[in-house]
Amino acid sequence: MDKLLIKGGKRLSGDIAIAGAKNAALPILCAGLLTADTLHLSNVPKLQDVATMLRLLQQMGLRVEQDGERVALNGGRIDKLEAPYEMVKTMRAAILVLGPLMARFGEAWVSLPGGCAIGSRPVDQHIKGLRALGADIRIEAGYIHAKAKRLRGARIVTDMITVTGTENLLMAATLAEGETVLENAAREPEVSDLANLLVAMGAKIDGIGTDRLVIQGVEALHGASHSVIPDRIETATFLCAVAATGGDVTLTNVRTDILDVALDKLREAGVVLTTGPDWIRAQMAARPKAVSFRTTEYPGFPTDMQAQFMAINAIAEGNSRVTETIFENRFMHVQEMNRLGASISIEGHTAIIDGVDKLIGAPVMATDLRASASLVIAGLAAEGETLIDRIYHLDRGYDRMEAKLSAVGADIQRVK
Ligand SMILES: CC(=O)N[C@H]1[C@@H](OP(=O)(O)OP(=O)(O)OC[C@H]2O[C@@H](n3ccc(=O)[nH]c3=O)[C@H](O)[C@@H]2O)O[C@H](CO)[C@@H](O)[C@@H]1O
Ligand SMILES: C=C(OP(=O)(O)O)C(=O)O
């Protein structure tokens, strides 16, 4: 099993190109199921999750041509309406085939995702929404079995804001009969990226970027070309690395307009940020200052950045409080950071961090995707060697993170 070996204490300097967003690419690939025509996608990140999703879609009969970050999908011969357990258990986003399959074929078998390290993560809202659209849904042998002649539009108010739930219902509604109103919709930029692609495919959607999406169902969708938005979480992760190690790094192919709160917090921590139309430069010369925050839905502080900011707080001047409101168990990195010498305690949904002067390298275990990224940042800032085990979590969502960091001066290598 691959591990990452980091010798900490190096300042970072140079340029890093940011990849397309994982959380936009995954639903967008599933939109390939909605049409018999070809989708031409670019800026698709080279990630384990993307490879898993493409394998799943190919098993269903989707034709896939891949050339670097370009992917062409053709859904003219879909013959299997199933997402099996083996796929769903490694990548929960496989649930995103449910909406498109129901919209176009009126039937789907999708394995129920189990809980995962960060929480129980039920999909009851996806099911509630599809039922409102007229689907008959049964849970059979661990599978969601959904059927409908043709979905019909409805007003759906989800109990809470759900990102993939909104995406599933949005895709389902594009081909439903009549009007669907999605209230309490997620406003994450990745939802808007999917919605923009669907509009390019002929869908009729109003309210993109708001919490009320209104969809007029159409008879069929057609092919389109689309470039996936840059990954705001990858962007902010590298910015946190600079904040923790010090240095001068410019990130290219970024969208600064979807990173407001993270950038504000980095400035509060002492990072000097300069932004251009598609780049951002981070300069850090001093010890970071502690920053407190609570995670919320977009445009608030993203839960997917909570762990990486915790690494900054671990070595920052001062104390901070970090409250996680989205997932019930997203502090798995705390124990591992404490193994590196951090001083973090947990009270309910809040982590209380006393910044320490330095961390000292040690073997640690990655438990989930962003926890892994936070341990990389902590390892880069620590004195001595940090060995991170189970980095398959990291590979789900970051494209060659160690190569990008080595190129800006980090001492980090993948070892067996
Ligand atoms: C592939 C992808 O885009 N993943 C992102 C997506 O995950 P994902 O879409 O799975 O997360 P949700 O927005 O659905 O989850 C938000 C909260 O709602 C709960 N919930 C959700 C659906 C449901 O039917 N019932 C229910 O109770 C969840 O357990 C969680 O507590 O949004 C999360 C929140 O920004 C991010 O951390 C993930 O990176
Ligand atoms: C939690 C995440 O992803 P997923 O929903 O794919 O598990 C994430 O990207 O941080």
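Start at 1 with the first residue, then count along the sequence. Indexing begins at 1, ligand by ligand and atom by atom, following the structure's order.
Within ligand 2, counting atoms from 1 as listed, the ones closer than 4.0 Å to a heavy atom of R396 are 3 (O), 4 (P), 6 (O), 7 (O). Within ligand 1, the atoms closer than 4.0 Å to a non-hydrogen atom of H126 are 24 (O), numbered from 1 in the order shown. Within ligand 2, the atoms closer than 4.0 Å to a non-hydrogen atom of R370 are 8 (C), 9 (O), 10 (O), numbered from 1 in the order shown.
For D124, a nitrogen or oxygen atom sits less than 3.5 Å from a nitrogen or oxygen atom of ligand 1, counting backbone and side chain alike. Polar contact check, K22 against ligand 1: no nitrogen or oxygen pair lies under 3.5 Å apart. Looking at R92 next to ligand 2, no N or O pair under 3.5 Å apart turns up. For the pair R121 and ligand 1, the shortest N or O to N or O distance falls below 3.5 Å. Taking any N or O of Q125, backbone or side chain, at least one lies under 3.5 Å from an N or O belonging to ligand 1.
Contact annotation: for R121 versus ligand 2, heavy atoms closer than 4.0 Å belong to the side chain alone. For T164, no heavy-atom contact with ligand 2 is shorter than 4.0 Å. Only the side chain of R330 comes within 4.0 Å of ligand 1, judged by heavy-atom distances.
Under a 4.0 Å N-O distance rule, the pair K128/D159 qualifies as a salt bridge.
Regarding atom 1 (C) of ligand 1, its nearest protein heavy-atom neighbour is N23 OD1, 3.3 Å.
Summarising the contacts of atom 22 (C) of ligand 1 with A25, P122, G300, the nearest heavy atom is found in P122. Evaluated by nearest non-hydrogen atom to atom 30 (C) of ligand 1, the leading choice among I326, V163, T164, N168 is I326.
Residue contacts with ligand 2 include R330, since one of its heavy atoms falls under 4.0 Å from the ligand. A heavy-atom separation below 4.0 Å is found between K22 and ligand 2.
A donor-acceptor contact shorter than 3.5 Å links the side chain of R131 to the backbone of I137.
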